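Let me begin by presenting the structure, written as C-alpha cells, before commenting on it.
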Amino acid sequence: MTERSEARQACGAAGEQHALEHLERQGLRLVARNVHARGGEIDLVMLDGPALVFVEVRARAARGLVGALESVTPAKQRRIVTAARIFLGRNPQHAQRACRFDVVGITHAAGKHSIEWLQNAFEASPA
C-alpha cells in the first residue's frame, strides 16, 4: 500500500468515526459497521427510531474538486442499494422496517472537520 492510499484510508476511517459519533448524538443507534456484500459495502447501518438507515460516509479534504455528498454517483448508489438488499436478506429481523439511504459528508481542513448529513439522499429503485 502506498503512502497516499494509507493516508486516504486513515482519513476515511476517521471520517467514519466522526460520522458515527455525530449520528449517535442525533439519537441514531448503530446496528452494523462496514457491511460487505458482493458488489458493494455499507459504511454504517443504524436505527433511527423504527427506521433502518444505510449510511454512506464520504470524507474529503477541503481542497477537493467534488464535495463529499456529490461524490456518491448513481453507480455507487446502485452498489449501496444492492448491499442493503443483501443485508436485509441476511438479517430478516429488519426486513419489515422502513429503510432510507443517508449520506454523511465529512470535510477536513486545518485539523478540523465539518459534517453535512443528508437524509434520504437517494432512493432504491424497485428490484
Side-chain angles (χ1 to χ4, degrees):
M1 190 177 294
T2 67
E3 198 173 305
R4 182 180 169 131
S5 62
E6 285 177 7
R8 186 178 299 133
Q9 190 173 23
C11 177
E16 190 174 296
Q17 185 62 35
H18 290 306
L20 174 61
E21 291 167 3
H22 177 77
L23 295 173
E24 287 179 331
R25 281 191 302 273
Q26 303 306 312
L28 281 71
R29 292 181 296 130
L30 182 65
V31 173
R33 196 171 184 168
N34 299 316
V35 174
H36 295 276
R38 200 172 104 192
E41 177 190 357
I42 302 167
D43 295 322
L44 302 169
V45 180
M46 304 192 77
L47 285 172
D48 187 5
L52 193 65
V53 183
F54 299 99
V55 182
E56 173 68 9
V57 178
R58 305 301 275 193
R60 294 281 189 260
R63 68 185 180 281
L65 297 176
V66 176
L69 299 178
E70 293 84 11
S71 71
V72 182
T73 64
K76 178 66 173 175
Q77 292 173 20
R78 286 190 297 275
R79 288 192 300 273
I80 294 167
V81 169
T82 297
R85 288 186 173 126
I86 292 169
F87 176 86
L88 291 169
R90 291 177 185 164
N91 296 276
Q93 71 273 26
H94 295 297
Q96 298 305 313
R97 292 184 182 276
C99 297
R100 74 172 196 249
F101 296 91
D102 291 3
V103 176
V104 175
I106 309 288
T107 304
H108 298 280
K112 297 182 180 181
H113 66 275
S114 63
I115 298 175
E116 186 176 2
W117 176 23
L118 181 58
Q119 296 181 37
N120 291 309
F122 58 91
E123 295 185 13
S125 58

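Since the model is a prediction, treat every value here as computed from it, not as a measurement. We use all heavy atoms of the structure for the numbers below, so side chains are in, but hydrogens, waters and symmetry mates are not.
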Between OG1 on residue Thr107 and CZ on residue Arg58, distance to nearest 0.5 Å: 12.0 Å
Glu24 side chain to Leu30 backbone, donor-acceptor under 3.5 Å: no
Separation between CD of Gln26 and CD of Gln119, rounded to the nearest 0.5 Å: 8.5 Å
Distance in Å, Glu116 CD paired with Ile106 CD1, rounded so as to fall on 0.5 Å steps: 10.0 Å
Residue pairs fulfilling side chain to side chain donor-acceptor pair (under 3.5 Å) with at least one residue in residues 35-51, sequence neighbours excluded: Asp48-Arg100
Ile86 with Val35, same ILVMFWY side-chain cluster at under 4.5 Å: no
Residues Arg85, Val81; criterion side chain to side chain contact (heavy atoms under 4.5 Å, CB included); working and verdict: CA-CA 6 Å; Arg85 288 186 173 126; Val81 169; 3.4 Å; yes
For the student: nearest non-hydrogen atoms of Gly15 and Ala59, plus distance: CA-CB, 4.3 Å
CD on Gln93 to CG on Leu88, rounded to 0.5 Å: 9.5 Å
Note, Asn34 side chain near Glu16 side chain (heavy atom, < 4.5 Å): yes
Side chain to side chain contact (heavy atoms under 4.5 Å, CB included) between Val45 and His94, intermediate numbers included: CA-CA 11 Å; Val45 180; His94 295 297; over 6 Å; no
Leu47 and Leu52, any side-chain heavy atoms less than 4.5 Å apart: yes
Distance, nearest 0.5 Å, that separates CD1 of Ile42 from CZ of Arg33: 14.5 Å
Counterpart residues, ring-ring contact (aromatic ring centres under 6.0 Å, His included), relative to Phe122 (two or more places apart): Phe101
Closest non-hydrogen atom pair between Ala83 and Gly40, with its separation: CB-C, 3.9 Å
ring-ring contact (aromatic ring centres under 6.0 Å, His included) partners for His22, two or more places apart: none
Value rounded to 0.5 Å, distance of CG in Leu20 from CD in Gln17: 5.5 Å
